[in-house]
Amino acid sequence: MEHEQLDLFELISECYSSIRKKIEEKWSEISDITISNSEWYIMMKIYKKQPTISSVTKNVRISRQATHKFIKKLESKGLVEILPGNNNRDKCIQLTNIGELCVEKYIVLKKDLEMKIQEKIGNEKYTIIKEILQSEWGN
């Protein structure tokens, strides 16, 4: 499909897919640990925190069942650990040392790619795009 024929949402989706692919390629160059987009999303939500699993499931855009499945996968990879919460029902989740290291490397990869995009499009366009993406949409 030609770029001229794509609407705004398709262009955003294509750009997002391209960026995700680049980040995945860069990650696979530095690590043998496979981490899905949804797993990264959850890891970023718990980075430097120790939330309850129920609060994580409420604050991600993934179904509760899928979130629990991803948390179990992350735990089996040694990236998160489940800890007892304040009461017997709620359990907390936190990144392991390996999980923290992975997130820190991932942040560097994303920042590097963001800087390359900024260099390519220029500071003014970069700032405008970032402001647009940070604004409230559809309200």
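Atoms considered below: every heavy atom in the structure, side chains included; atoms not considered: hydrogens, waters and symmetry mates. What you are looking at is a predicted structure, and each value in this text was computed from that prediction instead of being measured.
Y16 and I107 end up in different hydrophobic clusters when Ile, Leu, Val, Met, Phe, Trp and Tyr side chains are linked at under 4.5 Å. Both I121 and I132 belong to a single network of hydrophobic side chains, linked directly or stepwise wherever heavy atoms of I, L, V, M, F, W or Y lie under 4.5 Å apart. I71 and Y41 fall within a single hydrophobic cluster, where Ile, Leu, Val, Met, Phe, Trp and Tyr side chains are chained together by heavy-atom contacts under 4.5 Å. No path of Ile, Leu, Val, Met, Phe, Trp and Tyr side chains, each step under 4.5 Å between heavy atoms, connects V108 with V103, placing them in separate hydrophobic clusters. Cluster annotation: V80 is connected to M44 through the hydrophobic network of ILVMFWY side chains, with a link wherever side-chain heavy atoms come within less than 4.5 Å.
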TODO: For side chain to side chain contact (heavy atoms under 4.5 Å, CB included), just list the numbers for I117 and I19, CA-CA rounded to whole Å, side-chain angles, deciding distance to a tenth of an Å, and then say yes or no.
DONE: CA-CA 10 Å; I117 291 169; I19 290 168; 4.0 Å; yes
Open item on the list: side chain to side chain contact (heavy atoms under 4.5 Å, CB included), that's the test. Do H68 and I53 meet it? Break it down for me.
Closed with: CA-CA 8 Å; H68 280 279; I53 292 176; 3.4 Å; yes
- [ ] Dump the intermediate steps for side chain to side chain contact (heavy atoms under 4.5 Å, CB included) on R64 and K58, then the final yes or no.
- [x] CA-CA 7 Å; R64 188 181 66 77; K58 289 175 188 165; over 6 Å; no
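Around atom NZ of K77, more than 12 heavy atoms belonging to other residues, nucleotides or ligands sit under 6.0 Å away.
The two residues Q5 and E10 make their nearest non-hydrogen contact at O-OE1, 4.2 Å. Of all the heavy atoms in I62 and F70, the pair that sits closest is CG2-CE1, 4.0 Å. Across every non-hydrogen atom of I33 and C102, the tightest pair is CD1-SG, 3.9 Å. Counting all heavy atoms, side chain and backbone alike, M43 lies closest to G99 at CE-O, 3.7 Å. Residues E81 and T96 approach most closely at N-CG2, 4.0 Å, considering heavy atoms. For the residue pair D90 and S54, the shortest heavy atom distance occurs at OD1-OG, 3.4 Å.
With rounding to the nearest 0.5 angstrom, the CD1 atom of I93 is 4.0 Å from the CD1 atom of I46. To the nearest 0.5 Å, atom CD1 of residue I30 and atom NZ of residue K105 are 5.5 Å apart. Here CG of N97 is found 11.5 Å from CG of L79. Values are rounded to the nearest 0.5 Å.
Side chain of S13 to main chain of F9: no donor-acceptor pair is present (N/O by atom type, distance under 3.5 Å, no hydrogens or angles). Distance alone, capped at 3.5 Å, places no donor-acceptor pair between the E131 side chain and the I128 backbone. Without hydrogens or angle criteria, T67 side chain to S63 main chain gives a donor-acceptor distance under 3.5 Å. Although no hydrogens or angles enter the test, the distance criterion places a donor-acceptor pair under 3.5 Å between the side chain of S76 and the main chain of K73. Between the E14 side chain and the L11 main chain, no donor and acceptor come within less than 3.5 Å of each other.
Counted by atom type alone, S55 and T52 present one or more donor-acceptor pairs between their side chains at under 3.5 Å. No side-chain donor from either of Y126 and E119 sits under 3.5 Å from a side-chain acceptor of the other.
A salt bridge links E114 with K130; the closest basic N to acidic carboxylate O contact falls under 4.0 Å. Between R20 and E25 there is no salt bridge, since no side-chain nitrogen of the basic residue lies less than 4.0 Å from a carboxylate oxygen of the acidic one. Ion pairing between a basic and an acidic side chain is recognised when a charged N comes within 4.0 Å of a carboxylate O; K72 and E75 show such pairing.
Note on ring orientation: taking the six-membered ring where Trp is involved, the planes of W27 and Y106 are perpendicular (angle over 60°, cut-offs 30° and 60°).
Scored by the salt bridge (charged side-chain N to carboxylate O under 4.0 Å, His left out) test, K22 finds no partners at all (sequence neighbours excluded).
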